[in-house]
Undergrad: 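Here it is, the structure, as structure tokens.
Hydrogens, waters and symmetry mates are skipped; everything else that's a heavy atom, side chains included, is used. Counting convention: from 1, in listed order, for ligands and their atoms alike.
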Amino acid sequence: MQINLNDQNFEIKRIFCIGQNYVKHIAELKNKVPQEPVVFMKPLTSLVPAGGKAVLPKLDCNIHYETEIVALIGKRGRPESVSEAREYIAGITVGFDLTIRDLQTKLRSKGLPWEKTKAFDCSAPLGKFASVSPDYDLDNMVFSGSVNGNIVQQGNSADMIFDIPTLLIELGKYWELLPGDLLFTGTPEGVGSLTPGDSLCARSPNGEIFNWQTG
Ligand code: ZN
């Protein structure tokens with residue numbers, strides 16, 4: 001999948017995701033506040049562009065929506081300061097980190113990897129990116145998610161435990177960031193179940209609305 005932003009083309013490279021980045025969401029899942037960012041990845045086959053259909057796994061399971069701000073990385077390197085890290089952010093949008101919650105809880109309780117529950121096909125519906133300027137206010141990004149026309153999650157990046165520059169500095173310790181990398185930044189409270197046939201909608205910080213159908 002390619003992203004075109006201000007006449008620049010980005011081939012999506014990797015999808016980094018952050019778990020447990022909002023205190024109230026951690027509380028609703030009865031988890032502990034992490035001391036450092038919880039990082040996992042999704043494959044490119046997780047992505048569903050705005051307007052597309054997210055075909056859910058044909059399993060008897062509880063699939064949750066998680067509405068999240070997503071950042072597009074536009075620069076190669078390893079940022080070491082907040083001001084440096086800000087320069088890596090080329091665009092911002094919203095997306096969903098779909099999660100098989102019951103299986104995730106089971107795997108986590110055994111200390112096992114949770115890939116099956118986070119990285120399945122169509123698990124990452126993604127909106128269209130809007131470019132951000134270097135002075136863009138990353139600490140007051142308001143966003144929301146809706147299911148079948150009802151707003152189910154409302155978030156503000158001000159409530160993130162680790163803000164986006166901090167996350168990029170942390171990721172850079174392990175991976176050289178590449179233009180085209182994506183970062184899902186974690187979900188606020190209000191996660192809940194999805195069933196095939198539900199319509200999903202997300203509102204990005206700049207007010208754009210994106211829709212997907214599940215199947
Ligand atoms: Zn998530």
Undergrad: Apply ring pair (Phe, Tyr, Trp, His ring centres under 6.0 Å) to F16 and list each qualifying residue two or more places apart in sequence or on a separate chain.
TA: W175
Undergrad: Under 2.8 Å from the Zn ion (ligand 1), which protein N, O or S atoms are there? Could you list them by chain and number?
TA: E66 OE1, E68 OE2, D97 OD2
Undergrad: For residues 45-54, which side-chain donor-acceptor pairs fall under 3.5 Å, sequence neighbours excluded?
TA:
residue: S46; atom: OG; partner: P43; partner atom: O; Å: 3.0
residue: S46; atom: OG; partner: S123; partner atom: OG; Å: 3.3

Undergrad: If the test is salt bridge (Lys or Arg N to Asp or Glu O under 4.0 Å), which one of K75, R14, R76 qualifies with D181?
TA: R14
Undergrad: Within a radius of less than 6.0 Å around NZ of K13, do more than 12 heavy atoms belonging to other residues, nucleotides or ligands occur?
TA: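 Count over threshold, so yes.
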Undergrad: Distance-only, no hydrogens or angles: does the K118 side chain make a donor-acceptor pair with backbone N or O of K42 under 3.5 Å?
TA: no
Undergrad: Can you tell me which residue pairs pass the ring-ring contact (aromatic ring centres under 6.0 Å, His included) test with a partner in residues 106-139, sequence neighbours excluded?
TA: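 Residue pairs with at least one partner in residues 106-139: F40-W114.
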